[in-house]
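Values below: all heavy atoms of this structure, side chains included; hydrogens, waters and symmetry mates excluded. Numbering of ligands and ligand atoms starts at 1, following listing order.
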Amino acid sequence: MLTAPVLELDDVAVHLGGKRRWFRPSIPSVKAVGGVSLAVQAGEILGIVGESGCGKTTLGRAILGLQRETRGTIRLDGKVVSGQAPREARRLRRAVQYVHQDPGAALDPWWSVGHTLEEGLVITDGAKRAERRPRVEAALAAVGLEPSAGRRYPHEFSGGQLRRIGLARILILDPRIVILDEPTSGLDMSVQATVLNLLLEIRARRDLTYLFISHDLSVVRRLCDRVAVMYLGRIVEIAPATRTFGRPLHPYTRALLAAAPRLEPGGLKPVPIRGEPPSAARIPQGCLFAGRCPYVEPACIAEEQVLAPAEDGHEVACRRWREIEDGAPPTRDLAA
Ligand SMILES: Nc1ncnc2c1ncn2[C@@H]1O[C@H](COP(=O)(O)OP(=O)(O)O)[C@@H](O)[C@H]1O
Ligand SMILES: [Mg+2]
């Protein structure tokens, strides 16, 4: 692509917790994100998928500037915005906003919706009173709510309407990149569909870039241009969505798709994986997925597997992807 990326991550890692203690064993930190490199184009919808605990939210919070990165560089429009103290980090990254998975829980029950929206304006750009009201109404209109919604309180709204309010709350701040963290989880299918359509409509109208975090692969398939698959804090495969779903290469991606209830992976023989990912406090040597991979070989454990181009725009962190695609038999029976 010819355009410069709007967001670039270069080997971003986030280690959480951990403590060094005198005369006692230290508490290891959790390597929630372990070195992610990524370039996101303006206007793109990038899906980030992976099992619960693989580091999706932590990655989002690091991009947002809420969670300080342990190492690595983050660039917005080519400008380095990482390596700052939290307050400065958030200031530099105002163009990035985050929609909480449960916007209802993030709203103050005692405040009218209009009050909450206005407060956001005051905090982030000190907007004057006279200009706030029209901006609140415009944000409500953008998500399909009447101006009167501003006078009502959170408990008066349905789940779907609360998602709209959650969106209005960030749209009023005029973001360029929106991180949507499981934006449709817990919604009925029909409401889910209207929320997704609204997201698409808003993106087209406002020229937004979305990072779409979800474990619902059918939704990711419908919405995303590209998909990054995370495992244990790393991206193990990234590709255009049509490729991720049509020709997944990493054994982990294949297993994820095979396990997804509402997908029929075309011609893929489902390869079940068992067990759970190891703890992010004890990252294994070599390939992160080796412990659960049906195709593991000693060499997979000996060397770290990093993302490498498989075909144009498609990268995978598996040394055996070609053999597996050509029908290499499993090296062990995980059903045993
Ligand atoms: N504040 C924290 N302190 C220590 N570990 C954490 C903290 N928050 C999350 N983790 C751990 O970091 C890893 C990634 O979590 P998270 O980013 O929430 O994953 P996801 O959003 O993909 O479910 C998990 O192992 C989780 O237990
Ligand atoms: Mg999460």
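- Backbone or side-chain N, O or S atoms of S52 do not reach the Mg ion (ligand 2) at under 2.8 Å.
- Under a hydrophobic-cluster definition in which Ile, Leu, Val, Met, Phe, Trp and Tyr are linked whenever side-chain heavy atoms come within less than 4.5 Å, directly or via other members, Y231 and L211 are assigned to different clusters.
- With S29 contributing its side chain and G17 its backbone, the two residues share no donor-acceptor pair below 3.5 Å.
- The aromatic rings of W111 and H115 lie parallel to each other, with less than 30° between the two planes, well short of the 60° mark.
- Between H155 and Y153, the ring-plane angle classifies as parallel under the 30° and 60° cut-offs.
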Derivation of the salt bridge (charged side-chain N to carboxylate O under 4.0 Å, His left out) call for K128 and E131: CA-CA 6 Å; K128 299 223 167 39; E131 59 181 90; 5.5 Å; no
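- Taking the centre and axis of the six-membered ring of F157, the NZ or CZ atom of R152 falls inside the cone set by 45° and 6.0 Å.
- Annotation: ligand 1 has protein neighbours L16, V30, A32, E51, S52, G53, C54, G55, K56, T57, T58, A280, each with a heavy atom less than 4.0 angstrom from the ligand.
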